[in-house]
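Here is the structure we will look at, set down as C-alpha cells.
Protein chains get the first letters and strands the later ones, always in sequence-line order, with residue 1 at the start of each.
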Amino acid sequence: MGQYDLETIRHSTAHLMVQAIQRLYPNEKIELGIGPAIENGFYYDILMDKKILDEELKNIEDEMKKIIKEKLPITRRVFANREEAAAFFKERGQNLKVELINDLPAGEEISCYEQGEFIDLCRGPHVEHTGQLPTFFKLTTTAGAYWRGDSSRPMLQRIYAISFDSKEALKAHLTFLEEAKKRDHRKLGKDLDLFFFSSEAPASPFFLPKGAFVYNELMDFMRRVIRYHGYLEVVTPQMLDVSLWKTSGHYDNYHEDMFFSESENRQFALKPMNCPTHMLVFQNKRVSYRELPMRIADFGRIHRNERSGTITGLTRVRTFCQDDGHIFLSMDQVQNEIQELMKIVAMTYRHLGFEDFSLALSTRPEKKLGDDATWDQAENALKDALEKSGVKYTIAEGDGAFYGPKIDITVRDAIGRRHQLATIQLDFQLPERFDLTYMSKEGKEERPIVIHRAILGSLERFFGVYLENIAGAFPFWIAPEQAVIIPVNTEKFADYCDSLYAKFKQKGYRVRIDDRNESLGKKTRESQMAKIPFMLVIGEKEVEAGTVSVRKYGEMQSQTMSLDELCAAFDKLNEERNPIEMRYFWIVRKIFYCFQGEAQPNMKSPLSLQATSKNALTKKPFPSSLLSLRKMANGIWKKIKKKFF
RNA sequence: GCUGACUUAGCUCAGUCGGUAGAGCAUCGGUUUUGUAAACCGACGGUCGUAGGUUCGAUUCCUAUAGUCAGCUCCA
C-alpha cells in the first residue's frame with residue numbers, strides 16, 4: 001500500500017465503487033461521468049435511472065470489499081487514437097465518455113483501465129490489483145451534480161466517499177466532522193439563544209437579545225476601526241428608483257436576484273448593495289483633490305433574493321448588512337490605499353482570532369463591463385500593490401466582479417476550514433457610469449477611481465464563521481453576558497450579591513445574579529453550557545472575607561480573589577475591545593514623531609507607522625504582549641524626553 | 001433554480017406495517033436554601049409543516065406546496 005500515493009488509492013477506489021454499483025444493479029443502464037479524487041476522498045458521477053438511496057450505500061461498500069478480496073488485476077489498455085477509443089465506448093453505450101474523448105487532443109494515444117468485467121476511460125495511474133486497496137473508506141452521501149458543471153446539461157447522480165490510507169487518518173477525519181458538527185453555528189445559535197429563523201421570513205435571521213448584542217458589538221468594533229482609519233460613515237436609503245440600478249448596471253446583471261416594489265407608478269428596488277448610493281453621496285457636492293482619498297462607510301441593510309437552493313444558516317441569507325465602504329481616489333493613490341487596506345484586514349482578523357489568512361487576486365470574468373485596456377490597468381494596479389506589500393497571493397482567473405478585479409481574503413478557522421470574508425475591489429466602471437469627477441490641483445475635472453471594500457464582509461456571515469471559530473465561547477469583551485453571580489444560599493447572601501452586582505453594573509460590565517431557587521450544581525452546569533466567561537460563587541466564606549470564588553469558563557477549578565483583583569482582571573480583559581495597535585497608538589505616535597523630527601499633518605493612517613514591517617500579513621507589527629509594548633513605549637518615550645526636552 | 005432527503009410539544013427525540021400520539025429537558029405550581037456540570041413531587045403543553053386526494057377512518061399512503069438540510073449551479 002505504501003508505494004501508492006493517496007490520490008491514486010482514492011481514484012482506484014472510485015473505480016472500485018462504480019464496479020460494485022454495476023454488479024449490484026445489473027439490469028440498469030449505467031453511464032459513467034467522471035470520478036476524481038478530492039480532498040478527504042473521492043466521488044463518482046453516474047447517469048442511471050434508478051436513484052441510489054442512502055441506505056443502499058452500505059451494500060455498495062460491502063460489494064466493494066468483496067471485489068477487494070478478489071484481487072482483480074488492474075490493467076492498462078491503450079487505444080491508438082481518440083476515434084478508436086470513441087468507437088469502443090460508443091458501442092458500450094458510454095456516451096458521456098465519448099464526449100470526454102472527443103475533447104481530448106487528436107492523434108494521441110488514449111488509455112483505459114480494466115479490472116475484471118469493468119473498464120473505464122482513465123489517464124491513471126492505478127494500483128496493480130484491487131487487493132491493494134485499503135478498506136478505510138466510507139460512502140457518505142448521494143447528490144445531484146450537473147454534467148461538466150453546466151446547469152444547462154443533465155444532472156447526474158454523484159456519490160461521495162471519504163477515503164484514507166490508514167485507519168487513524170479515517171478516524172481523525174471522522175473526529176473532525178464531529179467537531180465541526182458541534183461547532184455548527186446553527187446549533188450554537190439555538191443552544192446559546194443567539195438567533196433563530198422563521199418560515200415567515202426564509203433565509204432571514206432574527207437576532208435574539210444575546211445575538212443582537214454580539215452583532216451590534218461587532219459592528220461597533222468595526223466602527224471604531226474605520227473611524228480610526230479616516231472613514232466617514234453615512235446612512236443611505238433602503239429603496240431606490242430602478243433607474244439608479246440601471247445606471248449602475250446591477251439591474252442588467254442581477255435583476256433576477258433583486259426585490260422590487262412599486263408605488264405611484266414608480267418602480268423601486270430594495271438595495272442589493274450600497275455602491276450606487278455612495279456614488280450619489282460623492283456627487284452631492286464638488287469634491288476637491290484635497291479630500292481624496294475619500295473614504296465612505298455604510299452599515300446599511302441590503303436584500304438579495306438568493307436562489308432558494310443556495311441559502312444556508314447565516315452563511316447565505318437574503319437580508320444582511322455589510323461593513324461596507326467605498327474609497328474615492330486618484331490613480332496614484334491606489335497602491336498606498338490597497339496596502340493600507342491589507343493592513344486593516346490583518347489587524348482586524350488577528351484581533352478577532354483569525355491568525356492565518358491568504359490572498360487571491362481575481363481577474364476579469366466573462367460577464368463584464370468596460371474595455372480590456374481599463375481592465376489591464378485595474379488588474380495591474382492590484383498586482384503592483386500586492387507585489388509591493390511583499391505578500392504571497394494566488395490568482396483566480398475570471399473570478400472578478402463584473403465592474404472590476406478584486407483581492408479576496410480567505411481566513412482559516414480554528415479547525416482548519418477556509419472562509420472567504422473580506423474583499424477589496426477596484427472599480428473604473430461606476431465612476432464612469434455615474435460621471436463622477438473631482439477638481440484636480442490644476443483646476444481640471446478628473447475622474448476618480450473607486451475601491452469597494454468590506455473587512456468582515458457580511459455581518460451575518462461573519463457572525464456564523466466567528467461563532468464557529470470560537471466554538472460559541474465569546475471572549476470577555478464581546479460576551480453578551482460576562483459573568484453570573486451565584487449565591488450558595490439565595491436568601492442569606494442576597495445583600496453581598498447585590499453590592500457586587502451594583503459595582504460591576506456601575507463599571508459597565510454585563511453581569512447577572514442567578515437567584516433562582518435551584519441547586520448550585522445546576523446553576524454551574526447551566527453557566528458552563530451557556531459558555532459565560534466567569535462564574536462568581538458567593539457563600540459564607542466569601543461574605544466573611546469579602547472575596548469572590550471565581551471560575552473561568554472551561555476551567556474545572558475555581559480560585560478565590562478579592563473584589564479589587566477581580567475588577568482589575570475585568571478591566572484588563574475589557575481592553576481587548578480594541579486591537580493593540582489602536583490602544584497604544586498615541587504613545588507610539590509620540591515616539592514616531594520624535595524620530596521623524598516633527599509630526600506629519602498628512603499622516604492619515606496610524607498603520608503607516610509600521611515602517612519596519614516588511615510583511616504586513618505575517619509579521620506582528622507591535623509586540624504581541626500588551627505589557628511589553630507598554631514597557632517599550634514608555635521606556636523609549638522617557639529616554640527621548642530626557643535627552644531632547 | 002436543479003437532484004435527493006427531512007419536517008411529531010418551546011428544545012432534543014421516540015412512536016403508529018392506516019384506528020387522531022409518548023419521554024427527557026424547558027415552562028408553571030408546591031416542597032427544598034443548596035459549595036462548583038441536572039434536588040424532589042405535581043400540572044400544563046401537540047387538528048404529527050400546510051393544502052388537497054385515496055379510505056368507513058390519514059400523523060402514517062398519494063399529489064401539490066412551504067420551510068430546512070446535503071450536493072450541483074450561482075454568490076454584485
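- Atom CZ of A:Phe462 is separated from atom P of B:C75 by 24 Å (rounded to the nearest Å).
- The residue A:Gly539 sits close to a base: some heavy atom pair falls under 4.0 Å.
- Pair check for B:G57 finds none; no Watson-Crick or G-U wobble contact set falls under 3.5 Å.
- Contact annotation for A:Glu518: base contact, defined as any heavy-atom pair under 4.0 Å involving a base atom.
- Summarising the geometry, the separation between CD1 on A:Ile159 and C1' on B:A5 is reported as 15 Å, rounded to the nearest angstrom.
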- Item | Step-by-step salt bridge (charged side-chain N to carboxylate O under 4.0 Å, His left out) determination, A:Lys50 to A:Glu56 | CA-CA 12 Å; A:Lys50 191 211 156 346; A:Glu56 293 170 325; 3.1 Å; yes
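- Backbone-only engagement by A:Pro202 is indicated by non-hydrogen atom pairs under 4.0 Å involving sugar-phosphate atoms exclusively.
- If you check every strand for non-hydrogen atoms under 4.0 Å, A:Arg186 touches sugar and phosphate atoms only.
- In terms of modelled atom types and a separation under 3.5 Å, the side chain of A:Glu179 and the main chain of A:Ile415 share no donor-acceptor contact.
- As judged by a 4.0 angstrom heavy-atom cut-off over every strand, A:Arg307 is placed among the base-contacting residues.
- Side-chain contact check for A:Thr277 and A:Asn274: no donor-acceptor pair (N or O, by modelled atom type) lies under 3.5 Å.
- Nucleotide B:A70 has B:U3 as its partner under the Watson-Crick or G-U criteria, with both atom distances under 3.5 Å.
- Looking at heavy-atom distances under 4.0 Å, A:Gly149 makes contact with sugar-phosphate atoms alone, never a base.
- The nearest whole Å value for the distance from the CD atom in A:Glu540 to the P atom in B:U36 is 15 Å.
- A cation-pi arrangement is present between A:Arg158 and A:Tyr43, with the terminal nitrogen or guanidinium carbon under 6.0 Å from the aromatic centre and inside a 45° cone about the axis.
- We find that CD1 of A:Ile311 is positioned 7 Å from P of B:C69, with the value rounded to whole Å.
- Among the heavy atoms of the strands lying under 4.0 Å from A:Lys190 are primed sugar atoms or P, OP1, OP2 only; no base atom is included.
- The residue A:Ala454 sits apart from the nucleic acid: no heavy atom pair falls under 4.0 Å.
- Stacking of A:Tyr160 onto the six-membered ring of B:G71 is not present when judged by under 5.5 angstrom between centres and under 30° between planes.
- Regarding A:Lys367, its NZ atom lies at a distance of 13 Å from the C1' atom of B:U73, rounded to whole Å.
- A:Glu256 comes within 4.0 angstrom of nothing in the nucleic acid, heavy atoms only.
- Under the 6.0 Å distance and 45° angle rule, A:Lys368 does not count as a cation-pi partner of A:Phe402.
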